[in-house]
Amino acid sequence: MSNTLNIIFESLVIGGFVGFGVGAGAARMFHAPNVQGAGAFRTFGELNACEGDPVSHFSFGLGFVFNAWASTVGAGALTSDMMHRIMPNWAAAALLFRNKNVKETLHNPKKMAIASAIVGMVVVTLLNSTAAAIPASLQSVATKVLGPAAAWFINPVMPIIFWMAALDAGKRSGSWGTVLGGIAHLIMGNAVPGIVLGILIGKGVDESGWNRTMKIFLAAIIILFTLSGFFRAFDVAFLHSINVAIPQWLIGLHRMFGSVVK
């Protein structure tokens, strides 16, 4: 009993502190470069992709709860999804249910910090306490069941949801989301990053046209996809798929960066 209470107390403290920092940092990203944000680019893109809809924020975070719980049960560790996806999205959902104005909620570091701290305290405590209460014999069973279920939700369910959101956001966002999502799926195995980037490009062009910022953003995406494909040896896999011999200079280039390809 004392061990359970100790886990609950420590989880409340850790979840509160982490949630506070995550919520404030995520909200501050919307005010860059005037202030310094703190969060992953994927967090910023995923928060934008939900477009201030509380149901979208909640359902997106919910999709990663099962994976986080399975990891907690099976490996005894919380995944980065807890900080990058569950806390900020559920905090945003809680605030947006009462006020749909994103500038007063999602973009407000103070409100996001408090909401995310509460979410962190609840979720971290729930995951840790339930994981600790499960007998060791059942932990492996839970991992085998929840792991594949979470994997199915992340891919292909989540890409389909984001693709539908891109199509709903307009013709330009839908087109860019489809193209970049397809490329991301081929290179990374998950279309969501590409779809999110496509939505950002489409919305950016809709609002400000093909200005210098959008051109730089597109160039950065091209470089990102090119480097990601190279270091994942996608170029070699593509040449193999069309029965083209791999040139020696390409093999040597990969070897120079510590990757052995054939």
Side-chain angles (χ1 to χ4, degrees), residues 5 7-73 77-132 150 153-154 157-158 161-162 165 168-169 192-193 196 199-200 203:
L5 292 176
I7 291 174
I8 292 174
F9 174 74
E10 292 179 353
S11 298
L12 288 170
V13 174
I14 294 171
F17 277 116
V18 173
F20 187 92
V22 166
R28 284 169 65 92
M29 287 194 292
F30 291 96
H31 302 280
N34 296 325
V35 296
Q36 179 64 50
F41 177 74
R42 63 180 176 181
T43 305
F44 184 63
E46 289 160 356
L47 288 171
N48 269 323
C50 292
E51 297 185 325
D53 177 38
V55 177
S56 297
H57 283 289
F58 178 79
S59 60
F60 183 80
L62 181 63
F64 292 93
V65 169
F66 303 107
N67 189 40
W69 192 78
S71 297
T72 306
V73 171
L78 295 172
T79 65
S80 61
D81 291 333
M82 173 64 67
M83 281 68 76
H84 287 300
R85 289 169 166 141
I86 299 173
M87 288 183 181
N89 276 285
W90 276 14
L95 294 174
L96 289 165
F97 268 119
R98 301 185 63 181
N99 184 356
K100 296 293 194 299
N101 189 336
V102 293
K103 294 187 181 299
E104 297 176 0
T105 51
L106 178 59
H107 299 181
N108 188 312
K110 181 179 179 181
K111 291 182 179 179
M112 279 291 289
I114 295 173
S116 187
I118 296 173
V119 170
M121 293 171 68
V122 173
V123 178
V124 173
T125 301
L126 180 64
L127 295 187
N128 286 341
S129 58
T130 54
F153 192 89
I154 294 172
V157 176
M158 287 305 300
I161 294 174
F162 271 81
D168 187 59
V192 171
V196 171
I199 293 174
L200 293 178
K203 285 296 184 182

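If you're wondering where the values come from, they're calculated on a predicted model, not measured in any experiment.
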Supply the atom-to-atom distance F60 CZ to I161 CD1, rounded to the nearest 0.5 angstrom.
9.5 Å

Identify the two heavy atoms, one from V102 and one from G52, that lie closest to each other, and give their separation to 0.1 Å.
CG1-CA, 3.8 Å

So does L126 get a backbone contact from the side chain of S129, meaning a donor-acceptor N/O pair under 3.5 Å?
yes

Any side-chain heavy atom of K100 within less than 4.5 Å of one from P54?
yes

Here the pair of heavy atoms bringing M112 nearest to L106 is CG-O, 3.4 Å

In terms of heavy-atom contacts, A115 and L95 come closest through CB-CG, 4.0 Å

Of all heavy-atom pairs between A27 and H31, which one has the smallest distance, and what is that distance?
O-CD2, 3.3 Å

Side-chain heavy atoms of N48 within contact of K203, under 4.5 Å:
no

Report the relative orientation of the aromatic rings in W90 and F58; use parallel for angles under 30°, tilted for 30 to 60°, perpendicular for over 60°.
parallel

Would you please classify the geometry between the F30 ring and the H107 ring as parallel, tilted or perpendicular, with 30° and 60° separating the classes?
parallel

For N108, which residues count as a side-chain contact (heavy atoms from CB on, under 4.5 Å) partner, sequence neighbours excluded?
K110, K111

So, for L47 and H57, which heavy atoms are closest and what is the spacing to 0.1 Å?
O-CE1, 3.4 Å

Could you check if a side-chain atom of M87 sits within less than 4.5 angstrom of a side-chain atom of V123, using non-hydrogen atoms only?
no

Considering all heavy atoms of both residues, which atom of T105 and which atom of N101 are nearest to each other, and what is their separation?
OG1-O, 2.8 Å

For the atom pair CD1 (I14) and OG1 (T125), what is the distance rounded to the nearest 0.5 Å?
9.0 Å

Could you tell me whether a side-chain N or O of S116 sits under 3.5 Å from a main-chain N or O of A113, the two making a donor and an acceptor?
no

Should we count CZ of F97 as having more than 12 external heavy atoms under 6.0 Å?
yes

